[in-house]
Amino acid sequence: MSDLHDQRILIIDFGGQTTQLIARRVRECGVYCEIHPWDISDDVVAAFQPSGVILSGGPESVIAPGAPRIPDAVLQQDAPVLGICYGMQAMVNQLGGDVQAQPSHGEFGYASVAVVAEANLFSGLSDRVESGKPQLDVWMSHGDRVERLPDGFTLVGTSDNAPSAMMANEAACRYGIQFHPEVTHTLQGENILKRFVLDICGCDGLWTPDNIIDDAIERVRSAVGDEDVLLALSGGVDSSVVAALLHKAVGKQLTCVFVDNGLLRLHEGDQVMQTFADNMGVTVIRVNAQDRFLNALAGVTDPEAKRKIIGNLFIEVFEEEAGRLPNAQWLAQGTIYPDVIESAASTSGSAHLIKSHHNVGGLPSEMRLKLVEPLRELFKDEVRTIGVDLGLPPSMVQRHPFPGPGLGVRILGEVTQEFADILREADAIFIDALRAHDLYHSVSQAFTVFLPVKSVGVTGDGRRYDYVVALRAVETIDFMTARAAHLPWDFLEEVSRNICNSIPRISRVTYDVSSKPPATIEWE
Ligand code: XMP
């Protein structure tokens, strides 16, 4: 197999909210791509040797002073270019056309674009025909609009508020679209992106799950050789997929350390051991550190302090175990592509740090181990797909995200064994019910929160004062914003009844209907 990365699309990011979605769509077409910020150097562009370039949307106006620009090297090279929204306007602006502020208002949401001329990128694509012209149903989001195309471009599509909604320069293989093909509301969006990367850029669609796995295995083997590898296995999707992949790549050279910190979900520790050690034959050392974590957390109520304690203690325990394996030269991590993009953005100062998120598997920096990160290039959906192909149970791979500090941030205030046990049981009832009612995958994340307050209840003849739990279920694309899931009322009643009937220490169940913002998804 030739190198899977030889054919690759460069995505220039102008800060658009859907830039990662563009990349995911390109990957779905079977083509490798990378996202780079608009201010990368010309040398990086030249070294990348793209098969094609996509210019993303962005929040700025190209006619504002100091607005982000397309790197000169992109406009000087020969590979095809597709500008989306801001990307199209930047192309128009830098190639000598004219962009103006929209006279009345911008155009946001659904629009219909009439196709008025032929172009290779769009030919034959149509959602409807009106007055003899093919129409595309698209999703727009722009304030400025293109008034005059640069030399060499012809007008291909037009909408009510964007007279130049599509443009093409066939000789130079350059295209611009004012709408967003990466969102599903643009019905032909997938076809347009497919046409661009496969037909116009000439890529072969080699980026498939099988090829990704083969390539990752080959690269791990050639990096690691016959040395031993350590992995902190949390049972979450990313570290699980790393474990399965490394096991396939280097077999017994891999040792996983699974730290049970007492803050896991019901039976989670046993499930992890069963999946990896019993069924797959992976070497997993289980460290039962429940008491150490609970002792360290005793009396601590501040959420960020709890996070720090859990994170630091995890590293301490992990290092102790690593010390017993002196032959290990490598530390495997489940870093995925969005982490790479995010940390690049935060070094350039454009990311907002809301919480000191501790990722289990976080790097003990002073460990002097070499780092192997086989998922570094992959989006979460790709990680899930290859996880199933590697033989992991779909229920594990499709699981909702679970925070590194686990129940530590879902028990408000001080964490105790009793509270953790109560919460585990209540959460299991909620999650099992979601699965039983086929609702689990209709929400992005669902869990239960323990509130250490006593509320009155009545059972039989007696009044009782017991604890309260909150159920939380959210729908979100990116976990940066979210809305409470509209779970059926009957379902919530059933869960509440089951929790109160089977857990005597709980007298009341509430459902959290807050959005993010202003609330966060977790309660701490
Ligand atoms: P918030 O509560 O910030 O959560 O709206 C957004 C997403 O991040 C997860 N989360 C964490 N993950 N360590 C983690 O690994 C943490 O400390 C942490 N806090 C929140 C949360 O579960 C949600 O998916």
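Just so you know, ligand 1 is whichever comes first in the structure, and atom 1 is the first atom listed for that ligand. The figures that follow rest on heavy atoms only: side chains count, while hydrogens, waters and symmetry mates do not. All values reported here derive from a predicted model rather than from experimental measurement.
Listed by atom number, the atoms of ligand 1 under 4.0 Å from T520 heavy atoms are 1 (P), 2 (O), 5 (O). Near F479, with a cut-off below 4.0 Å to any heavy atom, the atoms of ligand 1 are 6 (C), 24 (O). If you number the atoms of ligand 1 from 1 as listed, the ones under 4.0 Å from a heavy atom of G404 come out as 13 (N), 14 (C), 15 (O). Close approach of ligand 1 to P405 (heavy-atom distance below 4.0 Å) involves ligand atoms 13 (N), 16 (C), 17 (O).
Between the choices P403, A519, G406, A482, the shortest heavy-atom distance to atom 12 (N) of ligand 1 belongs to P403. Of all the listed residues (Q445, H400, E524, K306), Q445 holds the heavy atom that lies closest to atom 24 (O) of ligand 1. Considering each of R410, K516, E522, E304, the one bringing a non-hydrogen atom nearest atom 6 (C) of ligand 1 is K516.
Counted within 6.0 Å of CD on E190, heavy atoms from surrounding residues, nucleotides or ligands total 12 or fewer; the atom is thus considered open.
Of the charged side-chain nitrogens involved, none lies within less than 4.0 Å of a carboxylate oxygen, so that R286 and E321 do not count as a salt-bridged pair.
A cation-pi geometry, defined here as NZ or CZ lying under 6.0 Å from the six-membered ring centre and within 45° of its normal, holds between R265 and F402. A cation-pi arrangement, defined by a distance under 6.0 Å to the six-membered ring centre and an angle within 45 degrees of its axis, is present between R27 and Y337.
On a distance-only criterion, R307 and ligand 1 share at least one N/O pair closer than 3.5 Å. Some N or O of I521 is nearer than 3.5 Å to an N or O of ligand 1, by distance alone. Backbone and side-chain nitrogen or oxygen atoms of P401 are examined, and none is located within less than 3.5 angstrom of a nitrogen or oxygen of ligand 1.
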For a quick test of your reading: what N or O donor-acceptor pairs under 3.5 Å do the side chains of residues 428-438 make, sequence neighbours left out?
{"unit_1": "H437", "atom_1": "NE2", "unit_2": "E494", "atom_2": "OE1", "d": "3.3"}
{"unit_1": "H437", "atom_1": "NE2", "unit_2": "E494", "atom_2": "OE2", "d": "3.2"}

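Between K306 and G413 the shortest heavy-atom distance is NZ-O, 2.6 Å.
Every residue meeting the side-chain hydrogen bond (donor to acceptor under 3.5 Å, both in side chains) condition with D466, not counting sequence neighbours, appears here in chain and number order: R464, R505.
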